[in-house]
Number of protein chains: 2
Amino acid sequence: MTVTTDVVGTLGGVLPADRLVTDPDVLASYAHDEAEWAPWELPAAVVRARTAEEVQAVVLACIEHRVPVIARGAGTGLSGGANATAGAVVVALEAMDAVLEVDELERFAVVQPGVVNDDLRARVAEHGLWYPPDPASSPWSTIGGNVATNAGGVCCVKYGVTRDYVMGLQVVTGTGELVRIGRRTAKGVAGYDLTGLLVGSEGTLGIVTEVTVKLRPLRDPERTVAGYFDSVVAAGEAVTAVAAAGLTPSALELVDRHCLAAVDAWKNMGLSADAEVVLLGRVDTPGAAGDAEAQALLAAFEAGGASWAAVSTDAEEADALFSARRLAYPALERLGPLLTEDVCVPKAAVPAMLARIEAIGAAHDVLIANIAHAGDGNLHPLLSTPAGDDAARDRALAAFHEIIAAALEMGGTVTGEHGVGLLKRDGLAAEVSPAVLDIHRAVKAALDPHGILNPGKVF
Amino acid sequence: MTVTTDVVGTLGGVLPADRLVTDPDVLASYAHDEAEWAPWELPAAVVRARTAEEVQAVVLACIEHRVPVIARGAGTGLSGGANATAGAVVVALEAMDAVLEVDELERFAVVQPGVVNDDLRARVAEHGLWYPPDPASSPWSTIGGNVATNAGGVCCVKYGVTRDYVMGLQVVTGTGELVRIGRRTAKGVAGYDLTGLLVGSEGTLGIVTEVTVKLRPLRDPERTVAGYFDSVVAAGEAVTAVAAAGLTPSALELVDRHCLAAVDAWKNMGLSADAEVVLLGRVDTPGAAGDAEAQALLAAFEAGGASWAAVSTDAEEADALFSARRLAYPALERLGPLLTEDVCVPKAAVPAMLARIEAIGAAHDVLIANIAHAGDGNLHPLLSTPAGDDAARDRALAAFHEIIAAALEMGGTVTGEHGVGLLKRDGLAAEVSPAVLDIHRAVKAALDPHGILNPGKVF
């Protein structure tokens, strides 16, 4: 038996040699997610786990040494939820990327946490099935990370978020046990909904080593309805008009000129010339009912004041517009540090909230680009700053906090889909009452009695 | 200040006089739900609460005196979850029956827990909206009870269960605080999903005093497809065929001859002459796509071996068949004590499970009638016994436990929608691992540190 004095020594004794990383250069690449200006430090080690038992061994070693353990998928998070602290162990799950089972009849898949979102979608499509949640990070982000943050995406306006698709989990608990929770049947109410509790808990209540996701049948091709607007507020009014008309589009996205221009500058797609703001709606209802729905969406865009709107007859053009929406974040990131907001407000408040964001940007002299899952009221103002400009950074942070306060004032939430992580801890404390924060602490203490699971995140 | 020595005295001091009931005859009517043979005793008092603050006062009094408090809706539960113990306080929520808000644009309603399920559906229909979860108890059961048990129903096969529709809650906690959890926006990931955790927790983690439920637009009229089968197993094969065809009907219910005969004996509807088992499918997809789906459902019934099947052109006849399904439970209850099962198995296992249920009934000489949310694999074998026949009761209980064991063996769950309550505590312990039961205990201790919230239920 090896005598060990620290967690790295213990890990070295229980894991295959190629799993353990302590090279500082490599550690740095695992030390943080994509959240701008969220603090991070070098961990003591990274473990590139390949099995649930290895994850369990890591947690047991961390319990033994009372060392924090931080689970990590692809690192595409935007709230600092996966950021490391000095001396911690990061367990990287990206190599656990197997699709273990696809049950066509029961419509579920069992996957390891490192499966990339788009890869899962492609894989189950071979069985005529569809995994809906589609965060903009879908080409890179993993299902484990999606589960940790309860990720959303474009299709959520009609099909819901990650939690709506997670039926069961295998989890390493805060006491180092490897357990299964949830079910493989269509329904089930045996005991507390621990599965739902784990989804969105950002690695603070357990580390997910396997996920059973519900699937839907592949859907019909979507129709796209595009509308150009002269201002974000006008586009917001169209979003409210869509809701008021009782429509449920399969997507309703907003992309402003700053985003289109950034994508043009990168990919030369020629998108930004025509409009200040573009609304992109989609309809996947089949047949004549779908045609009628597309026309109703078009009418709502026009009622909302579109300067131009049409049902697209050109699939390539429609796909280009949706690509631009997906590429907006990386395109803007090329231009300098980018702080991403994620507030969600009632649909009726979308125009007023967009106006407030504009006013806040003007007041603080911050360039704010806007993308939004507008149909959900989930807005992503992107606060863009020049690299190395500390004053601009301070102004952006001030604007960031004002946007959060405005969203709460309008009956919204500080985070629609990115999670609390580090960036929204104050926001969470402002959103819920002290008694509700106490309940969070009690739940955390119950499931992580040693306080080793991603401590310091969420609250 | 009144000096009090017991919880009834304390309650008398803090509540309006008409809220507090201590008359033993009245107490008895609040002392248990509809679960057959689940133990109950007379509580010390019943409080007919009218406000959240009154519920809070009850919980505070129960904390002070370390007395159990048991929340109760309409008492239609089938697992003993609302059963009283000697000396406990029952808080009856049926008088808190206001619909406080309907937001057409955001599509939610805010209701008190005592609102009857069907009344909520009727009320929101005035706004063009629909509350899907529809347990068979919908004419009587309350939303608070539906939330406590995470109730299902007929439409769940396409539209999901109560948890899928609960956005937010007002709750009196185990420490006597009145808090709001959840959200009023389409999305939100600020903090743990405490709302989902409370749903289905059967009054053991908090007492719900207000519910915000998500709504959908009213849907198109449904088409009904009926099929007659010569055995429950043949009908089960048709259920599997529906799933294998990739269909998602808006209902897929099974009713056997015992149920139809009992309804006939009560309501004289003339339903039981033609078939051993009836499958009732519904399709709510609009237009030609819906026509095609109804035909595909019909084809699956025929492929499954239906002796007769048709798309109904007679709405009255179709409604009569669905009424029979809803009335099966009370109709059979008229004939003697009725023990209700609630297992849920994978859809592929439905025929085998139905065969096992038949075999178990034969082996124990117990009349087992079958209704089922067959499309979910959620089976409700109804074990019918002659009144006062202790031997028959013992045989029924033996069959009940064998059915639970068989469901687990087939990868199912011990309770699809009725909850654990008292009747499935052993079943839960058989379904989940000891480590998962420990997590339940830890969560319970975290949210109910004084152990006063419906103790002894679930685990």
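Residue numbers begin at 1 in each chain, while the letters A, B, ... track the order of the sequences. Atoms considered below: every heavy atom in the structure, side chains included; atoms not considered: hydrogens, waters and symmetry mates. For clarity, every value in this text was computed on a predicted model and none was experimentally measured.
- When all heavy atoms of A:Gly411 and B:Thr185 are compared, the closest pair comes out as O-CG2, 3.8 Å.
- Listed here is the closest heavy atom pair of B:Ala243 and A:Leu105: CB-CD2, 3.7 Å.
- The part of B:Asn378 that comes within reach of chain A is its side chain, from C-beta onward, which places non-hydrogen atoms under 4.5 angstrom from that chain.
- Considering only heavy atoms from C-beta on, B:Val436 stays 4.5 Å or farther from A:Glu177 through its side chain.
- Within the 4.5 Å cutoff, no side-chain heavy atoms of B:Val189 are placed close to those of A:His418.
- Between B:Phe459 and A:Tyr192, the two ring planes are perpendicular [angle over 60°; tilted spans 30° to 60°].
- Around atom CG of A:Asp220, more than 12 heavy atoms belonging to other residues, nucleotides or ligands sit under 6.0 Å away.
- For a residue to count as touching a neighbouring chain, one of its non-hydrogen atoms must lie under 4.5 Å from one of that chain's; by this rule B:Thr240 touches chain A with backbone and side chain alike.
- Among A:Ala349, A:Gly128, A:Gly152, A:Gly191, the residue making the largest number of heavy-atom pairs under 4.5 Å with chain B is A:Gly191.
- With a threshold of 4.5 angstrom between heavy atoms, A:Glu431 approaches chain B through side-chain atoms but not through N, CA, C or O.
- A side-chain donor from one of B:Arg107 and A:Thr248 sits under 3.5 Å from a side-chain acceptor of the other.
- Of all the listed residues (A:His373, A:Glu417, A:Arg183, A:Glu202), the one sharing the greatest number of non-hydrogen pairs under 4.5 Å with chain B is A:Glu417.
- Chain A forms the most heavy-atom pairs under 4.5 Å with one residue out of B:Cys344, B:Pro449, B:Ala442, and that residue is B:Cys344.
- Using a 4.5 Å cut-off between heavy atoms, A:Leu247 contacts chain B through its backbone alone, with no side-chain atom that close.
- Here the closest heavy-atom approach between residue A:Thr413 and residue B:Ala190 is recorded as OG1-CB, 3.6 Å.
- The minimum heavy-atom distance linking A:Val179 with B:Ala435 is given by the pair CG1-CB, 3.6 Å.
- Of the atoms belonging to B:Ala445, not a single heavy atom falls under 4.5 Å from chain A.
- B:Gly246 approaches A:Pro217 most closely through the heavy-atom pair O-CG, 4.0 Å.
- Counting heavy atoms from C-beta on, the side chains of B:Val443 and A:Leu194 come closer than 4.5 Å.
- Using a 4.5 Å cut-off between heavy atoms, B:Pro346 touches chain A through backbone and side chain atoms alike.
- Only the side chain of A:Arg163 comes within less than 4.5 Å of a heavy atom of chain B; its backbone N, CA, C and O stay farther away.
- Looking only at heavy-atom pairs under 4.5 Å with chain A, the residue among B:Gly160, B:Gly196, B:Gly188 that has the most is B:Gly188.
- Taking SG from B:Cys156 and NZ from A:Lys187, the interatomic distance works out to 4.5 Å, rounded to the nearest 0.5 Å.
- Looking at A:Ala289, only its side chain comes within 4.5 Å of chain B, counting heavy atoms on both sides.
- Taking B:Asp438, B:Val171, B:Thr195, B:Leu197 one by one and counting their heavy-atom pairs under 4.5 Å with chain A, the maximum is reached by B:Leu197.
- Residue contact with chain B, scored on non-hydrogen atoms closer than 4.5 Å, involves the side chain of A:Thr173 exclusively.
- Contact record, B:Ala186 with A:Lys347: CB-NZ, 4.2 Å, taken as the closest heavy-atom pair.
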Inset, instruction - Would you please test A:Asp193 and B:Val199 for side chain to side chain contact (heavy atoms under 4.5 Å, CB included) and show each step? - result: CA-CA 8 Å; A:Asp193 181 18; B:Val199 177; over 6 Å; no
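- For B:Lys424, no part sits under 4.5 Å from any heavy atom of chain A, backbone or side chain.
- Between atom CG of residue A:Leu198 and atom CD1 of residue B:Ile439 there is a gap of 8.0 Å, rounded to the nearest 0.5 Å.
- Note that CZ of B:Arg184 and CE of A:Met410 are 15.0 Å apart. Values are rounded to the nearest 0.5 Å.
- Counting heavy-atom pairs under 4.5 Å between each of B:Leu178, B:Asp164, B:Thr204 and chain A puts B:Thr204 at the top.
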